[in-house]
Amino acid sequence: KAGVTQTPRYLIKTRGQQVTLSCSPISGHRSVSWYQQTPGQGLQFLFEYFSETQRNKGNFPGRFSGRQFSNSRSEMNVSTLELGDSALYLCASSEGRPAEQFFGPGTRLTVL
Amino acid sequence: KQEVTQIPAALSVPEGENLVLNCSFTDSAIYNLQWFRQDPGKGLTSLLLIQSSQREQTSGRLNASLDKSSGRSTLYIAASQPGDSATYLCAVGGYNDMRFGAGTRLTVKP
């Protein structure tokens, strides 16, 4: 089976812009979770989608949003980018909850 | 709120040594505990998953144990190799989310 894929792998944006990141889960996995990783805060949970519904949400501002499509692919969007949004964004897929999570390679976002 | 702590934050050992990484958590009502490896700038690679009903799991040179009552898990790495150098994270799975420790950065010197 192919692993979790994330596109793009690297992004450079400027403050105030918006960005959309994509995640394709392992075939058959219906749950996709998103995480933000920074040196100072470590791994922080953003949100989880299951069968196109947001099932859980972390403590992030409304500028962070996401969605899931019928094929389980997921996108997350960050609007009005801030310098502090620079991070590695990771998505993970699993068969359900609670289950083993498998991570993608991440998208490195740099906000200038 | 579940808090996950990993000690030590960094560890440097000579090649061939056996070592133990520690993970502690504050709420014993967990569904599972997962150990990951992360190489610099990369995603997380799942190493071992322990369900709440299990006491340990083994994969090759790796052995992970879980003691829910004391809120502790250990990852034992036997005969360490330079290729084991990475950051190791433990993640505690509740029903609604997964909480990560800050990780232990391991360096294995040839």
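Lettering follows sequence order; numbering is per chain, from 1.
Nearest heavy atom pair, residue A:Gln101 against residue B:Phe36, reads O-CE2, 3.7 Å. When every heavy atom of A:Leu88 is checked against every heavy atom of B:Lys42, the shortest pair comes out as CD2-O, 3.8 Å. Contact record, B:Gly41 with A:Arg108: CA-NH2, 3.9 Å, taken as the closest heavy-atom pair.
A:Leu11 and A:Phe60 fall within the same hydrophobic cluster, defined by Ile, Leu, Val, Met, Phe, Trp and Tyr side-chain heavy atoms under 4.5 Å apart, directly or through other members. When the side chains of ILVMFWY residues are joined at heavy-atom separations under 4.5 Å, either directly or via intervening members, A:Tyr35 and B:Leu44 end up in a single hydrophobic cluster. Neither A:Ile26 nor B:Leu47 shares a network with the other; the hydrophobic side chains, linked directly or stepwise wherever heavy atoms of I, L, V, M, F, W or Y lie under 4.5 Å apart, form separate groups for each. Residues A:Leu46 and A:Leu21 share a single hydrophobic cluster, defined by chaining ILVMFWY side chains whose heavy atoms lie under 4.5 Å apart. Linking Ile, Leu, Val, Met, Phe, Trp and Tyr whenever their side-chain heavy atoms come within less than 4.5 Å puts A:Phe47 and A:Val19 in one cluster.
Atom CG of A:Asn71 has more than 12 neighbouring heavy atoms from other residues, nucleotides or ligands inside a 6.0 Å radius. Under a cut-off of 6.0 angstrom, the local environment of CD in A:Glu100 is crowded, with over 12 non-hydrogen atoms contributed by other residues, nucleotides or ligands. Other residues, nucleotides and ligands contribute over 12 non-hydrogen atoms within 6.0 Å of the CZ atom of A:Arg73. Atom CZ of A:Arg15 has 12 or fewer heavy atoms from other residues, nucleotides or ligands within 6.0 Å.
Considering only heavy-atom pairs separated by less than 4.5 Å from chain B, the leading option among A:Gly106, A:Gly58, A:Pro105 is A:Pro105.
With a threshold of 4.5 angstrom between heavy atoms, A:Ala99 approaches chain B through N, CA, C or O but not through any side-chain atom. Heavy atoms of B:Gln51 lying under 4.5 Å from chain A are absent altogether. Only the side chain of A:Glu48 comes within less than 4.5 Å of a heavy atom in chain B; its backbone stays farther off.
Interatomic distance, A:Phe102 CZ to B:Thr45 OG1, rounded to the nearest 0.5 Å: 11.0 Å. Separating the CZ atom in A:Phe103 from the OG atom in B:Ser46 is a distance of 9.0 Å, to the nearest 0.5 Å. Atom-to-atom distance recorded for B:Gln38:CD and A:Leu90:CG is 6.5 Å, nearest 0.5 angstrom. Separating the CG atom in A:Leu43 from the CZ atom in B:Arg99 is a distance of 12.0 Å, to the nearest 0.5 Å.
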Quiz item: Going through the distances and angles, do A:Arg55 and B:Asp97 end up as a side chain to side chain contact (heavy atoms under 4.5 Å, CB included)?
Solution: CA-CA 10 Å; A:Arg55 195 157 65 172; B:Asp97 63 5; over 6 Å; no
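Between A:Phe45 and B:Phe100 there is no side-chain heavy-atom pair separated by less than 4.5 Å.
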